[in-house]
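Below you'll find the structure, written out as structure tokens, and then a few comments.
Just so we're clear, the structure is a prediction, and the values are computed from it rather than from any experiment.
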Amino acid sequence: ILAPLGASSPDIAVGPKIGSPGHSIMLRRTMAASLGRVSASRPAQAFEAVATRRPYLASGVSAALFLFATDVGTQRVAQRGDKDARWDWRRSASMLTWGFFWYGGPQQWYWTVLFPRLIGQGTVTQAGLKTFADCVLNPLLTYNPCFYMWTGFVKGKTFDESFDQLKAEYFGVCFGSVAFWVPVQFCNFRFVPVHFQTYVVSGMNVVHKSWLSWFSNRKPVVKVAVDAEYEQVECFTLAMTSHVA
């Protein structure tokens with residue numbers, strides 16, 4: 001029988017207070033139980049076996065597929081209604097190769113070796129420090145510069161062109177990345193086991209890389225339109241000059 005409103009009863013179980021150590025432990029156990037149920041399936045077990053034997057290869061392949069599919073989808077959405085639009089295969093190839101080499105190399109090493117060894121795992125403080133290292137220092141110093149230079153190279157840009165685009169968009173892309181990843185990675189580092197953290201990021205990359213793909217490719221589209229308009233005006237001016245002459 002429920003007690004009257006406002007009354008208290010020692011027999012009624014009350015969960016741990018939000019923000020308390022007990023609440024944090026409960027969330028971690030819930031997350032672990034959910035991941036345990038997912039990992040109990042046959043496909044998950046097969047994938048986990050491969051990820052255990054070849055963690056860098058598994059991370060690189062899964063990230064490459066995620067980013068390739070994300071970019072193809074982003075292009076289709078951006079080109080909706082444009083009958084003359086064509087799939088930019090170089091742009092998609094740049095995302096695919098970036099996912100394979102970066103997430104199958106440096107980023108995987110950060111998450112599974114460097115951060116756990118230097119910072120540790122399990123406490124709120126450690127999760128905060130890892131979030132700062134991964135979501136603030138990493139984009140500023142390594143991720144975004146390498147992303148622009150590599151994807152620019154695959155898309156056929158020169159070093160100077162890629163570097164100029166990086167300089168023009170550096171603060172915007174860093175601010176957007178930090179704002180998105182800080183809350184995501186804090187929860188990831190705090191509640192998700194280390195060997196699952198890469199795959200949480202791969203899932204969230206669908207959202208972030210859709211934005212990043214659009215952000216890093218939006219200005220060339222505008223530039224092409226401006227150049228085309230300029231050429232039309234130039235041709236019109238030349239034709240009028242020839243007519244007057």
Next on the checklist: As a quick check of understanding, evaluate side-chain contact (heavy atoms from CB on, under 4.5 Å) for Val61 and Tyr103, giving each step before the final call.
Outcome noted: CA-CA 9 Å; Val61 170; Tyr103 288 95; over 6 Å; no

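- Both Trp102 and Val173 belong to a common hydrophobic cluster when Ile, Leu, Val, Met, Phe, Trp and Tyr are linked at side-chain heavy-atom distances under 4.5 angstrom.
- Counting all heavy atoms, side chain and backbone alike, Arg90 lies closest to Val154 at NH1-O, 2.8 Å.
- Taking the six-membered ring where the residue is Trp, Tyr110 and Phe115 present parallel rings, their angle staying beneath 30° rather than reaching 60°.
- Within the 4.5 Å cutoff, no side-chain heavy atoms of Cys135 are placed close to those of Val178.
- Side chains of Tyr143 and Gln107: a donor-acceptor N/O pair is absent below 3.5 angstrom, by distance only.
- Expressed to the nearest 0.5 Å, how far CZ of Phe175 lies from CG of Leu140 amounts to 12.5 Å.
- Side-chain contact between Ser162 and Tyr148 is absent, with no heavy-atom pair separated by less than 4.5 Å.
- Within the 4.5 Å cutoff, side-chain heavy atoms of Ser177 are placed close to those of Asn144.
- Hydrophobic clustering places Leu65 together with Val207 (ILVMFWY residues linked when any side-chain heavy atoms are closer than 4.5 Å, directly or through intermediates).
- Of all heavy-atom pairs between Gly120 and Gln126, the closest is CA-NE2, 3.6 Å.
- Under the 4.5 Å side-chain criterion, counting only non-hydrogen atoms from C-beta, Lys130 is not in contact with Gln185.
- With hydrogens and angles left out, the side-chain atoms of Trp150 and Thr97 include a donor and acceptor closer than 3.5 Å.
- Using a 4.5 Å cut-off on side-chain heavy atoms (C-beta onward), Trp98 and Cys146 make contact.
- Rounding to the nearest 0.5 angstrom, the gap separating the CG atom in Leu137 from the OG1 atom in Thr142 is 9.0 Å.
- Here OG of Ser62 is found 9.5 Å from CG of Leu57. Values are rounded to the nearest 0.5 Å.
- Looking only at side-chain heavy atoms (C-beta outward), Trp111 and Asp134 come within less than 4.5 Å of each other.
- Atom CZ of Phe153 is surrounded by 12 or fewer heavy atoms from other residues, nucleotides or ligands within 6.0 Å.
- Residue Val77 is not grouped with residue Phe66 when hydrophobic side chains (ILVMFWY) are merged at heavy-atom distances under 4.5 angstrom, including chains of intermediate members.
- Between Asp71 and Ser92, the closest heavy-atom pair is OD2-OG, 2.7 Å.
- The nearest pair of heavy atoms linking Gln121 to Phe189 is NE2-O, 3.2 Å.
- A donor and an acceptor atom, one from each side chain of Trp181 and Asn138, are nowhere located under 3.5 Å apart.
- One distance of note links OG1 of Thr151 with CG of Leu67; it measures 11.0 Å at 0.5 Å rounding.
- Side-chain contact between Phe100 and Met95 is absent, with no heavy-atom pair separated by less than 4.5 Å.
- Between Trp211 and His208, the angle of the ring planes lies from 30° to 60°, which puts this pair in the tilted group.
- No side-chain donor-acceptor contact under 3.5 Å links Asp82 and Gln79.
- Using modelled atom types, one finds no donor on one side chain facing an acceptor on the other under 3.5 Å when comparing Gln165 with Ser216.
- Nearest heavy-atom pair across Pro145 and Pro139 is CD-O, 3.5 Å.
- Taken to the nearest 0.5 Å, the CZ atom of Arg190 stands 11.0 Å off from the OG1 atom of Thr131.
- Contact of the Leu212 side chain with the Phe147 side chain is registered, since non-hydrogen atoms from C-beta on lie closer than 4.5 Å.
- Within a 6.0 Å radius of CZ in Phe180, more than 12 heavy atoms belonging to other residues, nucleotides or ligands are found.
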